[in-house]
Amino acid sequence: MEQHATTHHVNKLSFILLILSLAFPSSSFELRPSVADSTFLHRNDTAISDFRVLNRRALFQCPDLNPYLQINVTTQGDLSDEQFITVNVSGVLVPSDGDWVAMVSPSFSNVTTCLGSEAYYLQTGDTSILPLLCHYPVKAKYVTSDPSYLSCENQKCQKYGNNGDCEVRTCAGSLSFHVVNIRTNIDFVFFAGGFSTPCILTKSDVPLKFSNPNSPLHGHLSSIDSTATSMRLTWVSGDKEPQQVQYGDGKSQTSEVATFSAADMCSEFRLGSVVVPSPAKDFGWHDPGYIHTAVMSGLQPSSTFNFKYGSDAVGWSAEIQFRTPPAGGSDELKFLVFGDMGKAPLDSSAEHYIQPGSISVIKGMTEEVENGNVDSIFHIGDISYATGFLVEWDYFLNLITPLASKVSYMTAIGNHERDYSDSGSWYTGPDSGGECGVPYETYFPMPTPAKDKPWYSIEQGSVHFTVISTEHDWTEKSEQYEWMKTDMASVDRSKTPWLVFTGHRPMYSSLGADDQFLETVEPLLLNNKVDLVLFGHVHNYERTCSIYKSECLAMPEKDKNGIDTYDNTNYTAPVQAIVGMAGFSLDKFPDDAPSWSLVRISEFGYVRAHATKDELKLEFVNSDTKNVDDSFIITKK
């Protein structure tokens, strides 16, 4: 990150950042930190790479009079729904390691400078000297990704002398970009000067368009109740007309259609009398198309069915086989659970927010699903990390389709989906980039009581899941608090002996947590004999003893296989675990961990769980090695 060169600039932005820090006190994992910590941590959370702050950089027209310069794309006709394309840069007189290519969409986006937008971007934590790049690229790559570029191995003579000798030679390079159907046309722009001091050299002559921008895509499943006789399918299309899902033996349901606009994004931060637009409302906006949802009814629990979705007008998806979860009260459930996954590029490009572990985690979980080892999935917050850069939702949905189209994909809301100042979120940091839960709730409709009340419960097999929003008011006498109390008190433990409580921000972490959240909600867990508590937000894996008020009320014992076993026959307190290691850059543990922290692992992975009536077993699977790095069992006799 660039630092300021003058005392005047430091003082000016320090004052503004002080206001911003007071308004936005949250961070990546620490809750309600000091102003100084908030500024530092928020910079770290939102401005890790030069590319991530590209649209706060000065932009110049390159002083390059090169008449040979070209950029073109190798593709067979219009773009398909997903493909890798080759972008060729040629006619370069002097290759530089600062040369790069950006993929921009829509093609008419303004990639010139925007002088008047300083206050828009300070909220993201970057304090670079402005002016600004107006529209955020979808992704970008340095041309040095082609190893032959700097050495000019691919050269061409552009001008011959009278004696036949070459007087002007130029160089070329080729890059591969992974493209998914984002419905809007795409341009490629060739820049010099690196990400820090970009200037435009040239851009592609003709925008690329998708052969079918209305294609039905990214179908993903969720449960609507505990009977497992109905499943909701949600998908994306560029067409607003209702479509259908066809399933089973000739059944069909017509979709309900929703969308959202830039006007639905939050923009309530104020500098004096000036309203500061959020990234989602301004430079990060991208049209989401239309989100279709339909409920497939008349299903049977723990059974397989086929479906396809779309219409004759826009086309149909491939036929997909999916499995319903077991009904609540049945004997057995196999599920995966994790948080903070996000996405990463498949083409090694630079993007706004990259979660490096997500690819290996998704690959590992896809193998689990394909092997029939999974009934359902729970992703507990920090879903896509789009954080106001809306096109990244399309890339995330594309990435999870092999999982989420085949089993129930249940979610909880996190800070990077919901939080923004003056928006009704409990924590007032800018972590959602102005999305304020709108894209999340549209893409992932859960069985919640109402809009912007993203808490719910569901029973699958022998487990009752109570899923809360840590980003909404959970204090005593709040609506969510009363719901938590009522929901957990109503559980029939003869039907679902296991009560699992889950949300995003943790109660216990070696890296710190919100004491008020702990003091307010933890007594409900003990009073209702919650067996297991699962959180994310902190980007590692950590497991406690049977804990209450920061004290171990019981410790596990080793079984004959050496696995930690908690005996809940005589209940003492819940076991709590953080499972936020599914994608975001990992958090390291302190050297002096508290005594209640029994296991600490800072590796990418996911948790695999198996519940019967008598036993709840969980395994942390390292997605890089496929090894089980931790396992524990909770029993009831």
Side-chain angles (χ1 to χ4, degrees), residues 219-234 245-253 293-309 319-338 364-380 400-411 444-447 456-467 491-500 502 531-532 534 606-619 621 633-636:
H220 51 283
L221 298 163
S222 59
S223 298
I224 67 167
D225 58 30
S226 301
T227 67
T229 58
S230 297
M231 294 282 281
R232 181 182 298 279
L233 179 70
T234 304
V245 55
Q246 297 180 352
Y247 65 99
D249 297 324
K251 296 179 181 178
S252 68
Q253 292 289 342
T293 183
V295 174
M296 296 180 284
S297 58
L299 306 174
Q300 296 297 318
S302 301
S303 302
T304 56
F305 299 87
N306 290 346
F307 70 85
K308 65 178 182 178
Y309 54 94
E319 191 169 89
I320 301 168
Q321 185 177 86
F322 73 100
R323 180 176 176 83
T324 55
S330 55
D331 290 342
E332 188 177 19
L333 173 68
K334 298 176 181 179
F335 66 95
L336 306 179
V337 61
F338 55 90
M365 293 192 297
T366 299
E367 291 175 1
E368 302 263 10
V369 170
E370 290 176 346
N371 291 333
N373 296 329
V374 181
D375 296 316
S376 63
I377 293 172
F378 288 82
H379 185 165
I380 53 174
I400 67 166
T401 295
L403 296 167
S405 63
K406 295 181 179 179
V407 295
S408 175
Y409 196 96
M410 306 302 289
T411 59
F444 291 95
M446 294 291 114
Y456 64 94
S457 66
I458 196 161
E459 293 180 344
Q460 295 180 347
S462 55
V463 183
H464 179 103
F465 294 92
T466 298
V467 183
V491 179
D492 182 352
R493 303 302 280 265
S494 65
K495 178 184 175 185
T496 50
W498 303 109
L499 177 49
V500 175
T502 187
D531 297 288
L532 177 64
L534 298 170
Y606 56 92
V607 167
R608 179 171 61 207
H610 182 198
T612 65
K613 291 286 188 179
D614 302 319
E615 181 179 284
L616 178 57
K617 182 177 182 179
L618 285 88
E619 298 176 320
V621 181
I633 298 171
I634 307 174
T635 62
K636 290 181 182 179

**OP:** Keeping the roles fixed (side chain from Ser223, backbone from Ser408), state whether a donor-acceptor pair exists under 3.5 Å.
**Re:** no

Subject >> Side-chain heavy atoms of Ser297 within contact of Gln253, under 4.5 Å >> reply: yes

**OP:** Output all residues satisfying ring-ring contact (aromatic ring centres under 6.0 Å, His included) with Tyr456, sequence neighbours left out; order by chain, then residue number.
**Re:** none

Subject >> Gln460 side chain near Pro301 side chain, heavy-atom distance below 4.5 Å >> reply: no

Original post:
When rounded to the nearest 0.5 angstrom, what is the spacing between CD1 in Ile400 and CD1 in Ile377?
Top reply: 8.5 Å

Subject >> Any residue meeting salt bridge (Lys or Arg N to Asp or Glu O under 4.0 Å) with Arg608, in chain and number order, not counting sequence neighbours >> reply: Glu368, Glu619

**OP:** Measure the NZ-CD distance between Lys406 and Gln321 for me, rounded to the nearest 0.5 Å.
**Re:** 8.5 Å

Subject >> Side-chain donor or acceptor of Ser462 paired with backbone N/O of Pro497 under 3.5 Å >> reply: no

Original post:
Is any side-chain heavy atom of Met296 closer than 4.5 Å to a side-chain heavy atom of Leu221?
Top reply: yes

**OP:** Kindly indicate whether the side chain of Val369, heavy atoms from C-beta on, has any atom under 4.5 Å from the side chain of Pro402.
**Re:** no

Original post:
Can you tell me how far CG of Leu233 sits from CD1 of Ile320, rounded to the nearest 0.5 angstrom?
Top reply: 8.0 Å

Subject >> Set of ring-ring contact (aromatic ring centres under 6.0 Å, His included) partners for His220, sequence neighbours left out >> reply: Phe444

Original post:
In chain order, what residues pass the side-chain hydrogen bond (donor to acceptor under 3.5 Å, both in side chains) check against Glu370, with sequence neighbours excluded?
Top reply: none

Original post:
Considering residues at least two apart in sequence or located in another chain, which fulfil the ring-ring contact (aromatic ring centres under 6.0 Å, His included) criterion with Tyr247?
Top reply: none

Original post:
For Lys495, what residues pass the salt bridge (Lys or Arg N to Asp or Glu O under 4.0 Å) criterion, not counting sequence neighbours?
Top reply: Glu459

Subject >> Sequence-distant partners of Ser222, side-chain hydrogen bond (donor to acceptor under 3.5 Å, both in side chains), two or more places apart >> reply: none

**OP:** Report the C-alpha separation of Leu299 and Phe322 in whole Å, then their side-chain angles, then the decisive distance to 0.1 Å, and conclude whether the side-chain contact (heavy atoms from CB on, under 4.5 Å) test is met.
**Re:** CA-CA 11 Å; Leu299 306 174; Phe322 73 100; 4.1 Å; yes

**OP:** Apply side-chain contact (heavy atoms from CB on, under 4.5 Å) to Thr496 and Val491, showing your working.
**Re:** CA-CA 7 Å; Thr496 50; Val491 179; 3.5 Å; yes

**OP:** Would you please name every residue forming a side-chain hydrogen bond (donor to acceptor under 3.5 Å, both in side chains) with Thr324, sequence neighbours left out?
**Re:** none

Original post:
Between Thr366 (side chain) and Gly364 (backbone), is there a donor-acceptor pair under 3.5 Å?
Top reply: no

**OP:** Step through the shown structure and confirm whether more than 12 heavy atoms of other residues, nucleotides or ligands are within 6.0 Å of CG on Asp249.
**Re:** no

**OP:** Scan side-chain atoms only and decide if Thr227 and Asp225 contain a donor-acceptor pair under the 3.5 Å cut-off.
**Re:** yes

Original post:
Taking the six-membered ring for Trp, are Tyr409 and His379 parallel (under 30°), tilted (30 to 60°) or perpendicular (over 60°)?
Top reply: perpendicular

Subject >> Non-neighbouring partners of Glu367 that pass salt bridge (Lys or Arg N to Asp or Glu O under 4.0 Å), sequence neighbours left out >> reply: Lys626

**OP:** Just jot down the ring-ring contact (aromatic ring centres under 6.0 Å, His included) partners of Phe465, sequence neighbours excluded, or say none.
**Re:** Phe335, Phe378

Original post:
Is the closest side-chain heavy-atom distance between Ile458 and Ser226 below 4.5 Å?
Top reply: yes

**OP:** List in chain and number order the residues that pass side-chain hydrogen bond (donor to acceptor under 3.5 Å, both in side chains) with Lys334, two or more places apart in sequence or in another chain; answer none if no residue qualifies.
**Re:** none

**OP:** Let me see the working for Met410 and Val467 under side-chain contact (heavy atoms from CB on, under 4.5 Å), right down to the final yes or no.
**Re:** CA-CA 10 Å; Met410 306 302 289; Val467 183; over 6 Å; no

Subject >> Leu532 and Leu618: CA distance, side-chain angles, deciding distance, side-chain contact (heavy atoms from CB on, under 4.5 Å) verdict >> reply: CA-CA 10 Å; Leu532 177 64; Leu618 285 88; 3.7 Å; yes

**OP:** For Lys636, check salt bridge (Lys or Arg N to Asp or Glu O under 4.0 Å) against everything at least two apart and list the hits.
**Re:** Asp531

**OP:** Determine yes or no for a side-chain-to-main-chain donor-acceptor pair under 3.5 angstrom, with Lys613 supplying the side chain and Gly329 the backbone.
**Re:** yes

